[in-house]
Number of protein chains: 2
Amino acid sequence: MFNKEITIKDVAKHANVSVATVSRVMNGRDRVSDATRKKILKIIDELNFVPNTMAASMVNKKTKMLSVVVPEIQNPFYTAVIGGMVEVAKKEGFFTLVVATNGDEAEEDEFFDSFLGKNVDGMILIGTHKDAEFYRNIRKPTILVDRYINDCGHDGVLIDNFRGAYEATRHFVEYGHERIAIIDGEHDFNDGKDRYWGYHQAMHEGGLTPDPNYHKQGNWLEEDGYRFTMELMRSEQPPTAIFAANNVICTGAIKAIRDLNLRIGEDISLIGFDDNELAQFVQPRVTVVSRPTREMGLQAAEMLIQKIKGEPSEQTKLKKVILDVELMKYGSVKRLNK
Amino acid sequence: MFNKEITIKDVAKHANVSVATVSRVMNGRDRVSDATRKKILKIIDELNFVPNTMAASMVNKKTKMLSVVVPEIQNPFYTAVIGGMVEVAKKEGFFTLVVATNGDEAEEDEFFDSFLGKNVDGMILIGTHKDAEFYRNIRKPTILVDRYINDCGHDGVLIDNFRGAYEATRHFVEYGHERIAIIDGEHDFNDGKDRYWGYHQAMHEGGLTPDPNYHKQGNWLEEDGYRFTMELMRSEQPPTAIFAANNVICTGAIKAIRDLNLRIGEDISLIGFDDNELAQFVQPRVTVVSRPTREMGLQAAEMLIQKIKGEPSEQTKLKKVILDVELMKYGSVKRLNK
DNA sequence: TTGAAAGCGGTACCAC
DNA sequence: GTGGTACCGCTTTCAA
């Protein structure tokens with residue numbers, strides 16, 4: 001198990017050729033006579049020679065490795081993005097490694113400082129850092145997904161968060177709701193922030209004034225969804241509708257509603273942002289703002305690989321791709337008017 | 001963004017010292033005079049020099065990277081194992097990268113052939129390959145988790161699958177069930193196989209003969225759980241109890257039961273292997289065989305790191321650590337007797 | 001304490 | 001076609 005590794009030199013020696021020639025048959029680009037090629041191939045097989053990828057990478061500065069950095073891998077949204085990305089990367093001969101940062105800036109830093117962070121050919125980043133500075137310091141092909149920081153210096157693949165929240169809220173309004181609550185989190189990133197303002201605008205357009213008491217800001221966690229739904233429903237004047245601004249908040253809300261023995265779509269209307277398992281499970285199924293998760297990964301990976309392959313001189317302007325969202329009406333919103 | 005990288009040579013030149021000295025202050029082991037150290041540190045900072053980790057790794061043959069290879073990352077079981085592993089690894093200064101193989105041997109191969117597969121210092125493997133040969137060919141510190149292949153040449157951290165299934169089935173028997181079905185999948189690996197035989201033995205000990213019609217073998221997927229539960233419950237003589245042999249099968253079973261408008265713990269008793277979100281959500285909560293998922297990752301990582309640090313000569317006998325499981329009774333099993 | 005130089009294991013250019 | 005060899009950027013003796 002720990003016998004010293006066989007190197008290209010050993011192969012060369014056994015085959016009575018130079019290392020250059022061995023290298024040639026390995027990479028297959030330069031032409032080598034059929035005889036020597038066969039001979040070398042045979043030796044390689046006999047010696048069970050496995051080339052040292054690191055040595056090669058030192059020379060050509062490529063690892064054929066991509067990374068996708070996400071806050072967490074429990075969340076189906078991220079796994080879907082990852083799935084899309086991996087599919088494209090594989091097709092292009094890149095291996096993708098997944099890195100979870102747990103939404104911790106320090107952990108994110110750690111990755112960038114690690115062996116890998118330094119040696120991937122490019123990456124897709126759903127970042128945790130909030131400062132553009134951090135992103136500008138990334139000196140390799142990078143695509144930001146979902147969250148975008150202005151002046152970060154990288155392309156992005158995003159969705160129309162504003163419109164998603166707007167449509168959801170408008171749906172409530174059209175169905176006659178007036179006491180519409182929103183549970184979200186810190187507005188650290190564009191995504192969360194835009195959702196709030198989408199809600200805000202739809203409220204105003206519906207002639208409603210967002211009530212601060214109906215705006216519950218937690219930390220984008222399931223427990224926030226649970227706790228705030230409890231709070232809201234037990235208040236003097238509970239809302240008739242709740243907009244859960246991400247998938248796990250929605251999960252929490254569903255659990256709270258269950259524990260309060262309320263009926264979704266009857267005692268309380270609910271819309272979630274992004275689909276989730278529980279939302280699909282409960283009856284009626286929860287209306288959600290659906291986004292093209294896998295598609296985001298696909299798009300991002302394509303842009304990334306193009307960037308990697310492209311000439312350095314091809315420095316075009318920054319590009320932001322905005323994908324559309326769709327309100328999937330499943331019946332968790334009760335019609336109050338007529 | 002693409003200006004040529006600064007190397008240790010540049011630093012040496014600017015500081016008027018040799019590269020050896022720069023290397024020394026970077027690694028901090030050899031002693032360097034305080035004056036030169038300060039000088040070099042200053043230059044490093046000014047030049048914004050970042051050492052090339054790959055070059056260093058070429059020399060010392062270490063990357064401080066670990067990998068954890070799992071079939072998929074959607075499954076909470078795997079993410080829990082990963083979580084445990086990452087915790088330990090981080091404490092020891094290793095960075096962990098997650099690789100999902102989608103249960104596809106080819107994809108698993110791909111990883112091992114990739115840059116990274118070759119250059120991690122060690123790995124934790126929840127393998128997809130079924131042949132011991134494959135595992136024996138892995139020439140670096142490796143710990144198998146959950147699934148174990150005999151003669152693979154590596155240590156393992158496992159759980160007592162047999163006992164888990166045995167306890168579950170016995171619980172059914174004790175509560176007076178006789179028509180007890182089991183939904184599992186191929187017996188490709190020890191884990192699944194042991195679960196079946198645990199069920200088998202408990203049946204026999206309870207004086208019951210396992211009925212082939214009640215043994216549904218799919219592919220360990222949620223859809224199998226769904227489909228077979230439907231099938232079972234619509235058959236001439238439906239079982240009174242179902243043992244779902246993994247967490248996603250259990251999820252499928254729960255959905256089927258819901259769609260059949262049956263009540264868990266009333267019309268049909270259910271036990272799952274390994275916890276899952278839906279099992280916790282439904283009421284009554286589903287009784288499950290719980291296993292120390294995170295603990296498995298912790299254990300495995302500790303063993304792995306010790307192996308990496310240890311002397312090559314310390315080749316002790318192979319070690320298999322078996323962790324215990326526990327039947328968590330939550331009320332999804334109806335008492336039929338007395 | 002510091003420097004020179006020999007690798008680590010490949011790749012690729014330049015001769016022949 | 002094939003061989004010689006100068007790197008890639010760092011670490012680590014060995015001497016001074």
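In what follows, chains are A, B, ... by sequence order, proteins preceding strands, each numbered from 1. What you see is a predicted model, and the numbers here were worked out from it, not measured in a lab.
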*Asks:* Is it the case that B:T7 and B:N52 place a side-chain donor and acceptor less than 3.5 Å from each other?
*Replies:*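 Result is no, nothing qualifies.
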
*Asks:* Looking at every strand, decide which applies to B:S23 at a 4.0 Å heavy-atom threshold: base, sugar-phosphate, or nothing.
*Replies:*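 Base, at least one base atom sits under 4.0 Å.
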
*Asks:* Hey, does A:M54 reach any base, or is it just sugar-phosphate, or nothing, if we go heavy atoms under 4.0 Å?
*Replies:* nothing

*Asks:* Regarding B:S57, tell me which of base, sugar-phosphate or nothing describes its non-hydrogen contacts under 4.0 Å with the strands shown.
*Replies:* nothing

*Asks:* OP1 or OP2 of C:dG9 less than 4.0 angstrom from a side-chain nitrogen or oxygen of A:T7, does that happen here?
*Replies:* no

*Asks:* When we call it a touch if two heavy atoms are under 4.0 Å apart, what does A:A20 touch: a base, just sugar-phosphate, or nothing?
*Replies:*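 Counting heavy atoms under 4.0 Å across all strands, the contact made by A:A20 includes a base.
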
*Asks:* For DNA chain C, whose closest nucleotide is more 5', that of A:V50 or that of B:R31?
*Replies:*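 That would be B:R31.
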
*Asks:* Which nucleotide in the list D:dT2, C:dG10, C:dT1 gets nearest to the side chain of A:V59?
*Replies:*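 Looking only at side-chain atoms, A:V59 lies closest to C:dG10.
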
*Asks:* Would you call A:R139 and B:E5 a salt bridge, using N to O less than 4.0 angstrom?
*Replies:*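 So A:R139 does not pair with B:E5 through a salt bridge.
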
*Asks:* Answer whether the closest heavy-atom distance between the side chains of A:V70 and A:V81 falls below 4.5 Å.
*Replies:* no

*Asks:* Kindly say if A:K61 contacts the phosphate of D:dG9, meaning a side-chain N or O under 4.0 Å from OP1 or OP2.
*Replies:* yes

*Asks:* What are the two closest non-hydrogen atoms of A:V19 and A:I8, and how far apart are they?
*Replies:* O-CD1, 3.7 Å

*Asks:* So which nucleotide from C:dT11, C:dC8, C:dG3 ends up closest to the side chain of B:M58?
*Replies:* C:dC8

*Asks:* Can you check the A:N52 CG to D:dC10 P distance for me, whole Å?
*Replies:*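 Interatomic distance, CG of A:N52 to P of D:dC10: 17 Å.
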
*Asks:* By the 4.0 Å heavy-atom rule, please label B:R29 as base, sugar-phosphate, or nothing.
*Replies:*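 Sugar-phosphate contact only.
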
*Asks:* With a 4.0 Å limit, can you tell me whether A:S33 has a side-chain N or O closer than that to the phosphate oxygens OP1/OP2 of D:dT2?
*Replies:*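 Yes.
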
*Asks:* Check whether any side-chain N or O of A:T21 sits under 4.0 Å from OP1 or OP2 of D:dG3, and answer yes or no.
*Replies:*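 Yes, such a contact exists.
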
*Asks:* Between B:T53 and B:R24, name the one whose nearest nucleotide on DNA chain D is closer to the 5' end.
*Replies:*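 It is B:T53, whose closest nucleotide lies nearer the 5' terminus.
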
*Asks:* If I take atom CZ in residue B:F49 and atom P in nucleotide D:dG9, what distance separates them, rounded to the nearest angstrom?
*Replies:*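 It is 10 Å, rounded to the nearest whole Å.
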
*Asks:* At 4.0 Å (heavy atoms only), tell me whether B:V22 reaches a base, stays on the sugar-phosphate, or touches nothing.
*Replies:* nothing

*Asks:* Can you measure B:N16 atom CG to C:dT1 atom C1' for me and round it to whole angstrom units?
*Replies:* 16 Å

*Asks:* Rounded to the nearest angstrom, tell me the gap between atom CG in A:N27 and atom C1' in C:dC13.
*Replies:* 15 Å

*Asks:* So which heavy atom on B:H154 is nearest to which on B:Y148, and how close?
*Replies:*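 Closest approach of B:H154 to B:Y148: O-OH, 2.6 Å.
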
*Asks:* For the pair made of NZ in B:K13 and C1' in C:dG3, what is the distance, rounded to whole Å?
*Replies:* 16 Å

*Asks:* Between B:N60 (CG) and D:dT13 (P), how many Å, whole number?
*Replies:* 12 Å

*Asks:* Could you tell me whether A:D30 contacts a base, only the sugar-phosphate backbone, or nothing, with contacts defined as non-hydrogen atoms closer than 4.0 Å?
*Replies:*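 No contact.
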
*Asks:* May I have the distance from B:I8 (atom CD1) to D:dT11 (atom C1'), rounded to whole angstrom?
*Replies:*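 Answer to the nearest Å: 8 Å.
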
*Asks:* In whole angstrom, give the distance that lies between atom NZ of A:K9 and atom P of D:dG3.
*Replies:*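 My rounded result for the distance is 16 Å.
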
*Asks:* Looking at A:K90 and B:E110, is there a salt bridge between them, counting it only when a charged N and a carboxylate O are closer than 4.0 Å?
*Replies:* no

